[in-house]
Structures are given as C-alpha cells and as structure tokens.
K.L.:
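Take this structure, written in structure tokens, and hold onto it; I'll ask about it next.
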Number of protein chains: 2
Amino acid sequence: MRPSAKKIASLLSQKGHKLTAQRRAVIDVVVNSREHLAPAALYERVRRAHPAIGLVTVYRTLEMLHELGLICRVHRGGKSRTYTLAPSGHHHHLVCTECGIVADFTDCDLEVLQQRLSQETGFKIEGHLLQFVGHCRNCQGGT
Amino acid sequence: MRPSAKKIASLLSQKGHKLTAQRRAVIDVVVNSREHLAPAALYERVRRAHPAIGLVTVYRTLEMLHELGLICRVHRGGKSRTYTLAPSGHHHHLVCTECGIVADFTDCDLEVLQQRLSQETGFKIEGHLLQFVGHCRNCQGGT
DNA sequence: CTTATAAGTGAAAAACATTTTCAATTAAGT
DNA sequence: ACTTAATTGAAAATGTTTTTCACTTATAAG
Ligand SMILES: [Zn+2]
Ligand SMILES: [Zn+2]
Ligand SMILES: [Zn+2]
Ligand SMILES: [Zn+2]
C-alpha cells in the first residue's frame with residue numbers, strides 16, 4: 001500500500017525537519033502522481049496548488065525525501081533525473097527511450113554475481129543499478 | 001586484444017569520415033588510456049599533443065566513436081559521462097563512489113529476467129544497464 | 001500567547017555539462 | 001592544383017543542478 005501524504009509528512013517531522021507549506025505541497029504532488037517526474041515537471045504541478053513556490057525548494061525537498069528513502073530517484077543519462085514515490089523496498093526500472101515512461105520491477109537475483117565480483121575485484125559492493133531500456137507498448141510503431 | 005589507433009582510424013575513414021589531426025589525437029589518447037575518462041579529462045590529455053584542439057571537437061569525436069561502437073560510454077548519474085576503449089563486446093561496470101574508478105566485468109545472465117519482463121510489460125527491451133557501486137580496495141579505509 | 005532562533009525559502013547568480021551556430025579551414029577526390 | 005563537402009573552434013545558447021544570502025517562518029521554550 002502506498003504511503004499517504006500524512007505519513008510522509010510525519011516521518012519528515014520525526015527526523016527533525018520542519019513541516020512547511022511548500023514541503024506539504026511537494027509531497028502531495030508526489031503522492032498523487034503515478035509517474036516518475038523530473039523536478040521541473042513536479043514544479044509545474046506544485047505551482048498549481050502553491051503558486052509562490054520556487055524551483056529550488058522543489059529540488060531541495062525532493063533530495064530530502066530521497067535521502068530519507070521515501071521517494072526513489074532515477075538518473076536518465078543526459079536528461080534530467082526523475083523522482084517517484086518509492087514502492088516498498090528494493091526495485092528496478094524499465095525505461096522507454098522514446099517517451100521516457102518508467103515501469104518498476106522488484107526481483108533481480110544479483111547476489112551470486114555480486115559476491116563473486118566482490119571477491120575478484122576487492123570492491124566492497126554497496127548497491128547496484130539495474131535498468132532495462134527499450135520501447136514501451138505505445139512507442140513500438142514506426143521510427 | 002585491444003584495437004590499435006591505426007585500426008580505429010581506418011574504420012573511421014571507411015565509414016566516410018575525414019581523418020583529421022584532431023581525431024587522430026583523440027583516438028591516440030583513448031587507445032592509450034586504461035581508465036574511463038570524461039570529455040574534459042580527455043581534452044586535457046589531448047591538448048598535450050595537440051594544444052590547439054577545442055573541447056567541442058573532443059565531444060564530437062567521442063560521440064562519433066561511440067556511435068560506431070568503437071568506444072563505450074558510461075553515464076554516471078549527475079556527474080559527467082565517461083568514455084573508454086570498448087573491450088570486446090558486452091560488458092558492465094563496478095564504480096567506486098569515492099574515487100570514481102571503474103572496473104569492468106562481462107557476464108550478467110539477464111536473459112531470463114529480460115524475457116519475463118518483456119512479456120509482463122509489453123516493452124520491447126533493447127538493452128540493459130547493470131552497474132554495481134561500492135568502494136574500491138583503496139577507498140575502504142575511514143569515512 | 002510572546003519570543004528566540006535555527007531551519008527554510010526563493011530570486012538571482014554561479015557552476016557545470018553539453019549542444020548549437022557559423023565563419024573560416026581543410027581532407028580527400030578529381 | 002582545384003573543388004567542395006566535411007570539419008573545426010570560439011562563442012553563445014541551453015538545460016540542469018547548486019550555491020548564496022537576505023528575508024521569512026515553524027517550532028519549542030518561557
Ligand atoms: Zn514509450
Ligand atoms: Zn535489485
Ligand atoms: Zn575508490
Ligand atoms: Zn550485461
């Protein structure tokens with residue numbers, strides 16, 4: 001079950017952050033969006049409810065939510081990053097290179113590989129990034 | 001066996017591109033570097049042999065080599081992308097978040113997962129990005 | 001309900017990475 | 001040598017993210 005805006009706000013507060021109107025507005029938009037959104041797109045949506053907010057604050061709030069593990073961030077080489085409400089726990093992405101839509105999936109089974117690489121290279125592996133790219137159902141026609 | 005500068009230059013030429021002194025200089029640096037390098041870093045190195053070259057040309061040449069599949073490009077969320085001579089075929093990376101060093105590995109076994117995702121989501125999957133992050137041997141002390 | 005204050009805000013500027021423009025140069029074929 | 005389309009590089013444009021700093025405000029203490 002997706003966390004509510006109230007829940008997220010309260011977690012923020014518990015961590016010693018102030019609950020400002022701007023932060024509530026950003027949280028509302030994130031909670032009510034299914035898609036992964038770039039800061040600029042989120043900014044547009046947030047402004048509908050809170051016209052005076054600054055883009056900087058959106059950036060700051062998103063980073064903060066991300067650091068608390070409440071939302072998930074995706075880097076899309078070159079393009080701007082996107083954020084979305086974190087589904088429960090570890091997951092990965094499937095990105096459409098045409099329209100940018102992102103689908104999530106949760107299983108990856110990389111432990112064995114990770115273990116072996118760690119031994120071979122001496123790296124202390126702390127995480128992984130797994131992402132498939134391709135074309136979504138809508139973008140398979142033409143071009 | 002890594003391709004030689006001569007080999008790369010000749011491939012470039014075969015594809016109908018001109019063989020300029022600038023391109024030769026970029027190719028030389030790429031061939032003689034083991035690390036993944038950002039355009040700016042490559043630019044610095046290229047300037048030692050060819051002081052008058054412009055950063056733009058380095059960008060253009062790298063993109064061109066990448067499009068021909070001769071070098072491999074890595075996006076590092078947020079930071080600048082890096083390029084390196086393509087080891088033969090498909091491979092992945094292990095990145096140190098402290099110093100940025102990159103190690104390559106070649107096996108990933110993602111076909112089964114890919115097949116299943118493709119069916120479940122309707123995506124036509126064209127590639128994947130797999131990357132482990134952690135700390136290399138040198139960067140494991142402290143912090 | 002004040003008051004104090006540390007946290008938060010936002011406009012503007014800075015910092016970057018990358019791309020575009022365009023006049024001048026040059027590799028390569030005839 | 002001549003021609004010409006490809007290439008170059010300085011500068012400007014673009015686009016994203018970060019920094020700065022004077023001003024505002026949430027929150028907690030009195
Ligand atoms: Zn699509
Ligand atoms: Zn995973
Ligand atoms: Zn390191
Ligand atoms: Zn692979």
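Lettering follows sequence order; numbering is per chain, from 1.
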K.L.:
Report the distance from atom CD of A:Glu67 to atom P of D:dT18, rounded to the nearest whole Å.
P.N.:
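Whole-Å distance recorded here is 10 Å.
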K.L.:
Return the nearest nucleotide to the side chain of B:Arg60; candidates are C:dT9, C:dT21, D:dT7.
P.N.:
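Of the candidates, C:dT21 comes closest.
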K.L.:
Give the rounded distance in Å between these two atoms: OH of B:Tyr43 and P of C:dT18.
P.N.:
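That distance rounds to 15 Å.
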K.L.:
If you compare every side-chain N and O of B:Arg81 against the phosphate oxygens of C:dA17 (OP1, OP2), does one of them come in below 4.0 Å?
P.N.:
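Looking at the OP1 and OP2 atoms of C:dA17, neither is under 4.0 Å from any side-chain N or O of B:Arg81.
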K.L.:
Phosphate oxygens OP1/OP2 of C:dA27: is one of them under 4.0 Å from a side-chain N or O of B:Thr20?
P.N.:
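Negative; the distance criterion is not met.
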K.L.:
A:Leu19 has a side chain; which of D:dG9, D:dT27, C:dG10 sits nearest to it?
P.N.:
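My answer, after comparing the listed nucleotides, is D:dT27.
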K.L.:
Hydrophobic cluster membership, with links at side-chain heavy-atom distances under 4.5 Å among I/L/V/M/F/W/Y: are B:Val56 and B:Leu37 in one?
P.N.:
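Shared cluster, no.
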K.L.:
What is the distance, rounded to the nearest whole Å, between atom CD of A:Gln22 and atom C1' of C:dA7?
P.N.:
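My rounded result for the distance is 12 Å.
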K.L.:
Just the rounded figure in Å: distance from P of C:dG8 to CZ of A:Arg24.
P.N.:
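Value for this atom pair: 14 Å.
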K.L.:
Regarding B:Ala52, tell me which of base, sugar-phosphate or nothing describes its non-hydrogen contacts under 4.0 Å with the strands shown.
P.N.:
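Contact class for B:Ala52: sugar-phosphate only.
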K.L.:
For the side chain of A:Val56, starting at C-beta, report the closest nucleotide among D:dA26, D:dT17, C:dA12.
P.N.:
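Of all the options, the side chain of A:Val56 is nearest to C:dA12.
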K.L.:
Can you tell if the side chain of A:Thr57 reaches within under 4.5 Å of the side chain of A:Thr20, non-hydrogen atoms only?
P.N.:
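A side-chain contact is absent here, since even the closest heavy-atom pair is not under 4.5 Å.
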K.L.:
Quick one: is C:dG10 close enough that its OP1 or OP2 comes under 4.0 Å of any side-chain N or O from A:Arg47?
P.N.:
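Answer no for this pair, as no side-chain N or O of A:Arg47 is under 4.0 Å from OP1 or OP2.
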K.L.:
Ignoring hydrogens and angles, state whether a donor on the side chain of B:Asp104 or B:His92 is under 3.5 Å from an acceptor on the partner side chain.
P.N.:
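On atom types as modelled, these side chains do not qualify, holding no pair under 3.5 Å.
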K.L.:
Find which nucleotide of DNA chain C each of B:Ser13 and B:Ala40 is nearest to by heavy atoms, and output the residue with the more 5' nucleotide.
P.N.:
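Mapping each residue to its closest nucleotide by heavy atoms, the 5'-most match is B:Ala40.
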K.L.:
What is the separation between atom CG on B:Leu55 and atom P on D:dA12, rounded to the nearest whole Å?
P.N.:
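Atom CG in B:Leu55 sits about 16 Å away from atom P in D:dA12.
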K.L.:
OP1, OP2 of D:dT25 versus side-chain N and O of A:Arg23: anything below 4.0 Å?
P.N.:
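Negative; the distance criterion is not met.
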K.L.:
According to a strict under-4.0 Å criterion, is B:His17 in side-chain N/O contact with OP1 or OP2 of D:dA6?
P.N.:
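No, B:His17 has no side-chain N/O under 4.0 Å of OP1/OP2 on D:dA6.
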K.L.:
Check the distance between D:dT7's P and B:Glu63's CD and give it to me in whole angstrom.
P.N.:
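Interatomic distance, CD of B:Glu63 to P of D:dT7: 15 Å.
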K.L.:
Atom CG of A:Leu12 and atom P of D:dA26: how far apart are they, to the nearest Å?
P.N.:
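Nearest whole value for this atom pair: 14 Å.
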K.L.:
So if I take every side-chain heavy atom of A:Tyr59 and compare against C:dT18, D:dT20, D:dT16, which nucleotide ends up nearest?
P.N.:
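The answer is D:dT16, which lies nearest to the side chain.
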K.L.:
Separation of A:Lys18 atom NZ from C:dG10 atom P, in whole Å?
P.N.:
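Going from NZ in A:Lys18 over to P in C:dG10 covers 14 Å.
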K.L.:
When you compare the side chain of A:Leu117 with that of B:Phe132, does any pair of heavy atoms fall below 4.5 Å?
P.N.:
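A side-chain contact exists here, since the closest heavy-atom pair is under 4.5 Å.
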K.L.:
Applying a strict under-4.5 Å side-chain criterion to I, L, V, M, F, W and Y, I'd like to know whether A:Val74 and A:Tyr43 cluster together.
P.N.:
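A:Val74 does not cluster with A:Tyr43.
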